[in-house]
Amino acid sequence: MIPFHSTHPHPRAVVLLSGGLDSATCLAIARAAGDECHALTIAYGQRHQVELAAAERIAHSLGAASHKVMSIDLRAFGGSALTDDHLSVPKGAAPQAVPARRDTPHAEIPITYVPARNTIFLSYALAWAEVLGAARIYIGVNAVDYSGYPDCRPDFINAFQRMADLATKAGVSGYGPRILAPLINLTKAQIIQRGTALNVNYALTTSCYDPDPTTGKPCTECDSCRLRAAGFKEAGIRDPALSLDASK
């Protein structure tokens with residue numbers, strides 16, 4: 001846990017911070033709302049470990065009151081190109097997908113989907129929020145310019161909110177935290193524009209699913225890199241991370 005100095009006594013908020021541009025923007029939005037922000041990063045065994053260093057940089061840059069890194073091992077289950085050495089991160093125009101199951105009407109889900117990841121992350125955030133007495137939990141999921149993950153949809157966030165209201169002491173007492181997903185209906189370009197207006201330094205962020213393990217340099221070809229590049233292009237803003245060594 002990295003020590004920070006709190007500047008806002010109340011209300012408190014837990015912000016899930018991955019090290020990417022979406023979660024960085026979320027932290028900036030929470031800070032702009034006047035929340036005392038406690039950033040939570042999950043080290044879940046992902047292959048893109050450089051995002052943990054990025055999350056630390058962002059937490060400091062955007063004035064988080066504290067930053068906690070929790071370690072869990074989703075590599076024990078695998079099932080995703082981000083946690084399974086037997087699966088490769090797809091590169092190119094069309095992301096590899098996990099075949100649809102049980103006659104689902106939804107589109108095929110990319111192999112970079114990590115099973116139950118946001119459910120697990122929000123559960124950790126919920127536990128910490130209850131201990132802190134936090135009024136809000138922020139998560140940077142997006143249902144517009146995203147990769148087809150089922151746990152990035154409004155239905156999921158609404159369902160988790162209902163569960164949280166039933167499953168915690170704070171929830172059944174009527175003062176449980178609200179789960180906020182302020183980016184959920186924004187395009188990637190709109191997210192970048194919003195963050196830029198809030199002085200987010202996107203040079204500190206990383207989005208790549210398969211960065212160079214030594215330098216942190218993005219591959220530029222994975223689905224996440226392509227979404228990021230398209231977002232900056234549409235926003236009319238140059239991606240500041242392209243000219244920097246992401247390991248610094």
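Predicted, not measured: the structure shown is a model, and the values here were computed from it.
- Nearest heavy-atom pair, Arg136 versus Pro177, reported as atom, atom and distance to 0.1 Å: N-CB, 4.1 Å.
- Donor-acceptor pairing under 3.5 Å is recorded for the side chains of Arg228 and Thr205.
- Looking only at distances, a side-chain donor or acceptor of Gln190 sits under 3.5 Å from a matching main-chain atom of Thr187.
- The minimum heavy-atom distance between Cys37 and Ala30, with the atom names listed, is SG-CB, 3.5 Å.
- Between the side chain of Gln46 and the main chain of Ala43, no donor-acceptor pair closer than 3.5 Å is present.
- Judged purely by distance below 3.5 Å, without hydrogens or angles, the side chains of Tyr138 and Ser23 never pair a donor atom with an acceptor atom.
- Proximity of a side-chain donor or acceptor of Glu130 to a complementary backbone N or O of Lys169 within less than 3.5 Å is detected.
- Of the charged side-chain nitrogens involved, at least one lies within less than 4.0 Å of a carboxylate oxygen, so that Arg75 and Asp85 count as a salt-bridged pair.
- Looking only at distances, no side-chain donor or acceptor of Asp84 sits under 3.5 Å from a matching main-chain atom of Ser80.
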| task | Decide salt bridge (Lys or Arg N to Asp or Glu O under 4.0 Å) for Asp210 and Lys91; before the verdict, give the C-alpha distance in whole Å, the side-chain angles of both, and the deciding distance to 0.1 Å. | result | CA-CA 9 Å; Asp210 193 26; Lys91 307 290 178 66; 3.1 Å; yes
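- Under the 4.0 Å criterion applied to side-chain N and carboxylate O atoms, Arg12 and Asp35 are not assigned as salt-bridge partners.
- Residues Phe156 and Thr119 approach most closely at CE1-OG1, 3.3 Å, considering heavy atoms.
- Of the charged side-chain nitrogens involved, at least one lies within less than 4.0 Å of a carboxylate oxygen, so that Lys188 and Asp22 count as a salt-bridged pair.
- With 3.5 Å as the limit, one finds a donor-acceptor pair spanning the side chains of Thr112 and Tyr149.
- The line from CE of Met70 to NZ of Lys68 is 7.0 Å long, rounded to the nearest 0.5 Å.
- In this structure a side-chain-to-backbone donor-acceptor pair under 3.5 Å is present from Thr196 to Ile192.
- With Thr41 as the fixed residue, the side chain to side chain donor-acceptor pair (under 3.5 Å) test singles out one of His67, Glu51, Glu56: His67.
- Using a distance-only test at 3.5 Å, with no hydrogens or angles considered, no donor-acceptor pair links the side chain of Arg117 to the main chain of Val114.
- When every heavy atom of Leu27 is checked against every heavy atom of Leu62, the shortest pair comes out as CD2-CB, 3.8 Å.
- The shortest non-hydrogen separation linking Leu17 to Ala39 is CD2-CB, 3.9 Å.
- Although no hydrogens or angles enter the test, the distance criterion places a donor-acceptor pair under 3.5 Å between the side chain of Asn142 and the main chain of Leu183.
- Salt-bridge check for Arg162 with Asp165: failed, with every basic side-chain N at 4.0 Å or more from each acidic carboxylate O.
- The number of heavy atoms from other shown groups lying within 6.0 Å of OH (Tyr175) is above 12.
- The number of heavy atoms from other shown groups lying within 6.0 Å of CZ (Arg194) does not exceed 12.
- Listed here is the closest heavy atom pair of Ile111 and Ser88: CG2-O, 4.3 Å.
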